[in-house]
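The next block holds one structure in the form of structure tokens; read it before the comments.
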There are 2 protein chains.
Amino acid sequence: MRLVTSERVRVRRSPERGHYARSDIHEVLDAAIVAHVAFIEAGRPYCMPFLHVRVGETLYIHGSTGSRALRILQDGAPACVTITMVDGLVLARSVFEHSANYRSAVLLGRFTPVPAEECDAALKAFTNRLVPGRWAEVRRPSPKELAATSLLALTIDEASVKVRTGPPSDGDSSDATDDVWAGVLPMTTRLEPPEPAPELRHDLPLPQSVRHLYAAANNDDHRGGR
Amino acid sequence: MRLVTSERVRVRRSPERGHYARSDIHEVLDAAIVAHVAFIEAGRPYCMPFLHVRVGETLYIHGSTGSRALRILQDGAPACVTITMVDGLVLARSVFEHSANYRSAVLLGRFTPVPAEECDAALKAFTNRLVPGRWAEVRRPSPKELAATSLLALTIDEASVKVRTGPPSDGDSSDATDDVWAGVLPMTTRLEPPEPAPELRHDLPLPQSVRHLYAAANNDDHRGGR
């Protein structure tokens with residue numbers, strides 16, 4: 001099932017890097033933690049970072065009800081959600097061909113407030129998306145905490161993904177005969193060892209959620225995945 | 001020297017996380033590789049990722065002259081540049097207090113095209129910022145390549161930084177008596193081993209720039225820095 005490929009989201013520069021399948025955008029959304037959300041206030045553009053989670057064809061963001069950005073977005077202002085990961089630096093033989101390997105998704109649409117009866121499921125998705133299984137280990141939100149939380153949803157519809165992978169593109173140019181090293185410096189995001197809160201009881205073991213997360217991350221390392 | 005602290009960039013939620021010294025914003029700009037730049041086209045907000053470099057009080061972005069975003073920005077459209085790094089996941093005893101450690105800079109202003117006589121220095125800064133010393137190792141841009149490159153500059157002026165660090169904030173709440181593990185899962189970006197371009201001569205050694213970059217990154221690891 002393809003996304004709506006409007007002129008507004010179509011990848012025009014390097015069109016061969018553009019992707020429009022829902023599976024492509026899901027992959028980028030699910031791999032990244034932060035979404036940058038652009039909106040207009042008083043005729044000026046703003047862009048704010050949010051943690052996000054995708055559930056099916058819905059993208060959720062959340063924060064304090066006091067957030068200016070969320071107040072503007074929940075009123076249905078046009079939004080652009082951009083999610084970018086840099087996967088490596090691309091070193092070519094010429095300055096001009098230097099580049100980066102990246103995955104970037106752009107979604108257009110309008111957010112709507114999440115109905116009260118769906119907030120629990122959305123917050124569970126947020127929590128378990130970052131640390132699978134964490135929801136079951138911690139205290140659930142109280143009515144007062146829920147009232148202080150703004151949860152917004154955007155239907156994934158008008159969107160595109162732009163991806164660059166692979167080596168520098170001057171391998172068959174006249175520069176390639178120069179004695180200049182060229183290649184990719186891959187970049188990955190890693191979890192470093194957990195840091196217990198300072199006042200935590202020392203005999204409290206790492207919870208299952210954290211142990212599983214680190215085991216999965218280490219397996220990824222061994223597979224060379226990112 | 002402080003930045004212009006307008007109402008538009010003042011950190012309102014969690015104001016204790018707001019910073020307005022130029023050194024604070026320089027630190028975030030210099031630590032991150034990607035900037036998200038928001039602008040308005042035909043009354044709609046857009047947000048696009050760019051590599052960036054700071055030189056003094058100027059932030060540069062660049063790309064193809066064919067880039068729609070750069071064409072709009074070079075005409076002086078209002079822009080918002082947001083730069084975000086996630087430094088860790090913050091696990092609390094309650095869902096509500098879960099958070100992330102992050103550094104985020106927001107800059108408002110308008111880009112201007114970089115004059116032709118300054119392009120060389122700006123491109124050198126770009127190249128050496130990502131891989132120090134790389135500029136001296138590779139072929140410089142030709143007049144034709146320069147003509148195809150759009151380089152824009154924004155003066156750092158109206159800006160703020162928002163930072164969260166440290167453990168979860170429920171250490172002195174009633175939740176803290178629960179037997180629930182709480183703490184931080186630090187996240188870092190790492191360079192993985194270089195991948196030579198497939199057609200590269202096998203006897204071509206890693207260049208000094210890349211060797212130094214990896215040596216510096218490994219030293220950072222040993223110091224536990226990020």
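Atoms considered below: every heavy atom in the structure, side chains included; atoms not considered: hydrogens, waters and symmetry mates.
- In plain terms, the two heavy atoms of A:Thr189 and B:Met187 that are nearest each other are CG2-CE, 3.6 Å.
- Taking A:Leu89, A:Thr84, A:Val37 one by one and counting their heavy-atom pairs under 4.5 Å with chain B, the maximum is reached by A:Thr84.
- Taking CG from A:Leu91 and CD from B:Glu195, the interatomic distance works out to 12.0 Å, rounded to the nearest 0.5 Å.
- For the set A:Leu123, A:Val106, A:Leu146, A:Leu206, the entry with the most heavy-atom pairs within less than 4.5 Å of chain B is A:Leu206.
- Heavy-atom pairs under 4.5 Å with chain B were tallied for A:Pro167, A:Ala77, A:Pro196, A:Ser14; the largest tally goes to A:Pro196.
- Contact of B:Ala79 with chain A is made through the backbone alone, with heavy-atom distances under 4.5 Å.
- With chain B as partner, the option from A:Gly171, A:Ala148, A:Pro45, A:Cys80 having the largest number of non-hydrogen pairs under 4.5 angstrom is A:Pro45.
- Residues from residues 172-183 of chain A that place a non-hydrogen atom less than 4.5 Å from a non-hydrogen atom of chain B comprise A:Asp175, A:Asp179, A:Val180, A:Trp181, A:Ala182, A:Gly183, given in numerical order.
- A 4.5 Å side-chain heavy-atom check between A:Arg12 and B:Arg68 finds at least one atom pair inside the cut-off.
- Contact of B:Ile33 with chain A is made through the side chain alone, with heavy-atom distances under 4.5 Å.
- Residues B:Val138 and A:Ser94 form no side-chain contact, since every pair of their non-hydrogen atoms from C-beta on lies 4.5 Å or further apart.
- Across A:Glu97, A:Arg201, A:Arg134, A:Lys124, the residue that shares the most heavy-atom pairs under 4.5 angstrom with chain B is A:Arg134.
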Q.
Apply side-chain contact (heavy atoms from CB on, under 4.5 Å) to residues B:Met48 and A:Lys162 and explain how you reach the verdict.
A. CA-CA 11 Å; B:Met48 295 292 157; A:Lys162 194 171 179 181; over 6 Å; no
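- With a 4.5 Å cut-off on non-hydrogen atoms, B:Leu51 touches chain A through its side chain but not through its backbone.
- Heavy atoms of B:Glu137 lying under 4.5 Å from chain A belong exclusively to its backbone.
- The most heavy-atom pairs under 4.5 Å with chain A, out of B:Ile40, B:Thr149, B:Leu191, B:Val86, come from B:Ile40.
- Interface residue B:Ala92: only backbone heavy atoms are found under 4.5 Å from chain A.
- Heavy atoms of B:Pro168 lying under 4.5 Å from chain A belong exclusively to its side chain.
- Ranked by heavy-atom pairs under 4.5 Å with chain A, the list B:Val9, B:Val210, B:Val90 is led by B:Val210.
- Judged purely by distance below 3.5 Å, without hydrogens or angles, the side chains of A:Arg13 and B:Ser64 pair a donor atom with an acceptor atom.
- Donor-acceptor pairing under 3.5 Å is lacking for the side chains of B:Thr127 and A:His98.
- Proximity to chain A is limited to the side chain of B:Leu108, based on heavy atoms less than 4.5 angstrom apart.
- Side-chain contact check for A:Thr82 versus B:Pro49: some heavy-atom pair is nearer than 4.5 Å.
- Looking at B:Leu130, the atoms closer than 4.5 Å to chain A (heavy atoms on both sides) sit in the backbone and in the side chain alike.
- Taken to the nearest 0.5 Å, the CD1 atom of A:Ile83 stands 10.0 Å off from the SG atom of B:Cys47.
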Q) Between B:Tyr46 and A:Arg8, is a side-chain contact (heavy atoms from CB on, under 4.5 Å) present by the stated rule, with each step listed? A) CA-CA 9 Å; B:Tyr46 293 90; A:Arg8 298 192 297 200; 3.1 Å; yes
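- Using a 4.5 Å cut-off between heavy atoms, B:Phe39 touches chain A through its backbone atoms (N, CA, C, O) alone.
- Contact annotation for B:Ser104: only side-chain heavy atoms (C-beta onward) come within less than 4.5 Å of a heavy atom of chain A.
- Proximity to chain A is limited to the side chain of B:Tyr214, based on heavy atoms less than 4.5 angstrom apart.
- Proximity to chain A is limited to the side chain of B:Val34, based on heavy atoms less than 4.5 angstrom apart.
- Salt-bridge check for B:Arg93 with A:Glu199: passed, with a basic side-chain N closer than 4.0 Å to an acidic carboxylate O.
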